[in-house]
Amino acid sequence: MTKVIISILSLAMTASMAVPAFADTTADVQGKYVAGAESPVTISADITWEDMTFDYTEGEKTWSPETHQVDQADGKWTSDTKAITVTNHSNVGIMAKFNFAPEGDIEGSFTKDGTSTDKLELDTIKNLDEGSAAPSDTMNFGITGGAISENCKLGTITVYITPNDNSNYILTEAELTEAAVKKRTMKEDCFLPRKKGRKQSFFVV
């Protein structure tokens, strides 16, 4: 009986010694956030125009008994102005610049709230409270001079839209000419004129 028990214990010990040992290992799973590229500047604006038709009333005609001719007073334009409304849907503030290219001797002018100007500055809707309407503003235009003898085209209005970033954008041919003149003047004025009999030295640092 004793031998049998010893044999059983020996077998159990042998079996337990054959069981392999396990070790726990772990690794954290990480996520790396990569920021997307910023949205590029997107310029989008609606421009609505009132009917740009202006009435010119011919001057009164009267018969002159002295000259035996018809005298005619000067005609005149209606004093009303027409509205041009700009609405900004861009993701940046914008500037709207207005230019009138007249036909013949026609004259026109832009005003905002009664003040002469040719620019509107509009904020971006990104800076407004959620649910706000897109920023908009209105420029007024009127005919101020010249005369016509029949229905005809008075000129062309162009609205230029640029980011309102304080850059000096050249938009019209007149502005291009002005910029070229300024550049040429700066070059001409760079050095003082030399005086006769006096040696001048210039140093480049």
Side-chain angles (χ1 to χ4, degrees), residues 28-57 75-148 151-186:
D28 293 335
V29 179
Q30 304 287 344
K32 183 179 180 180
Y33 175 79
V34 179
E38 290 291 332
S39 173
V41 172
T42 302
I43 300 296
S44 176
D46 292 336
I47 302 175
T48 57
W49 308 73
E50 282 191 341
D51 178 30
M52 290 290 153
T53 302
F54 294 88
D55 293 335
Y56 178 79
T57 302
K76 61 180 180 180
W77 292 97
T78 179
S79 60
D80 64 330
T81 59
K82 310 291 185 173
I84 309 168
T85 301
V86 180
T87 303
N88 184 22
H89 300 286
S90 312
N91 59 353
V92 294
I94 64 171
M95 181 183 72
K97 180 176 174 61
F98 298 76
N99 181 69
F100 175 59
E103 299 284 339
D105 62 350
I106 298 298
E107 298 175 0
S109 65
F110 297 100
T111 56
K112 171 178 163 52
D113 299 329
T115 302
S116 178
T117 182
D118 63 353
K119 299 181 181 69
L120 293 177
E121 296 182 358
L122 292 92
D123 198 0
T124 171
I125 194 170
K126 289 173 57 178
N127 295 336
L128 303 182
D129 295 334
E130 185 176 354
S132 298
S136 65
D137 207 348
T138 299
M139 179 70 77
N140 295 293
F141 175 78
I143 298 296
T144 56
I148 58 175
N151 295 343
C152 61
K153 178 181 176 180
L154 303 179
T156 303
I157 296 175
T158 304
V159 183
Y160 302 93
I161 304 294
T162 65
N164 191 15
D165 55 5
N166 297 319
S167 297
N168 186 24
Y169 293 98
I170 297 176
L171 304 173
T172 66
E173 185 175 352
E175 290 176 342
L176 179 61
T177 301
E178 182 182 359
V181 170
K182 286 183 179 179
K183 185 176 181 180
R184 183 167 62 248
T185 302
M186 289 176 64

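- Inter-residue side-chain proximity for I84 and F98 is flagged as met; some heavy-atom pair is nearer than 4.5 Å.
- Within the model, atoms CZ of F100 and OG1 of T158 stand 10.5 Å from one another, a figure rounded to the nearest 0.5 Å.
- The heavy-atom pair separating K119 from M95 by the smallest distance is CD-SD, 3.6 Å.
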### Message
One pair to check against side chain to side chain contact (heavy atoms under 4.5 Å, CB included): E103 and L154. What are the steps and the verdict?
### Response
CA-CA 5 Å; E103 299 284 339; L154 303 179; 5.9 Å; no
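- Ring pair F54/F141 is perpendicular by interplanar angle, where above 60° counts as perpendicular and below 30° as parallel.
- Taking every heavy atom of both residues into account, A147 and D105 meet most closely at N-OD1, 3.9 Å.
- Between V86 and T48, every side-chain heavy-atom pair lies at or beyond the 4.5 Å cut-off.
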### Task
Would you please test N99 and Y160 for side chain to side chain contact (heavy atoms under 4.5 Å, CB included) and show each step?
CA-CA 8 Å; N99 181 69; Y160 302 93; 4.0 Å; yes
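- Here the closest non-hydrogen pair linking I106 and I148 is CD1-CG2, 4.1 Å.
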### Task
Please assess D55 against W77 for the test side chain to side chain contact (heavy atoms under 4.5 Å, CB included), listing each intermediate value before the final yes or no.
CA-CA 6 Å; D55 293 335; W77 292 97; over 6 Å; no
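- In this structure, the side chains of I125 and N88 stay at 4.5 Å or more apart for every pair of heavy atoms.
- Residues A96 and V159 share a closest heavy-atom pair of CB-CG1, 4.2 Å.
- A distance of 4.5 Å separates CG in N164 from CD in E121, rounded to the nearest 0.5 Å.
- With rounding to the nearest 0.5 angstrom, the CG atom of L171 is 10.0 Å from the CG atom of D118.
- The CG atom of D123 sits 12.0 Å away from the OG atom of S136 when rounded to the nearest 0.5 Å.
- Residues T138 and T85 have side chains that bring a donor and an acceptor to within less than 3.5 angstrom of each other.
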### Task
Could you please spell out the steps behind the side chain to side chain contact (heavy atoms under 4.5 Å, CB included) verdict for N151 and Y56?
CA-CA 9 Å; N151 295 343; Y56 178 79; over 6 Å; no
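- Salt bridge K82/D51: absent, no basic N to carboxylate O contact under 4.0 Å.
- Checking D113 against T115 by side-chain atom types alone, no donor-acceptor pair falls below 3.5 Å.
- Atoms OG and CD1, on S44 and I94 in that order, are 8.5 Å from each other to the nearest 0.5 Å.
- Annotation: side chain of H89 is not in contact with side chain of T42 (no heavy-atom distance under 4.5 Å).
- In terms of modelled atom types and a separation under 3.5 Å, the side chain of T124 and the main chain of S90 share a donor-acceptor contact.
- For the pair L120 and M139, the minimum side-chain heavy-atom distance is below 4.5 Å.
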### Query
Could you go step by step and tell me if K76 and S79 meet the side chain to side chain donor-acceptor pair (under 3.5 Å) rule?
CA-CA 9 Å; K76 61 180 180 180; S79 60; over 6 Å; no
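- Residues I43 and P163 approach most closely at CD1-CG, 4.0 Å, considering heavy atoms.
- Scanning all heavy atoms of the two residues, the minimum distance from I157 to M52 falls at CD1-SD, 4.2 Å.
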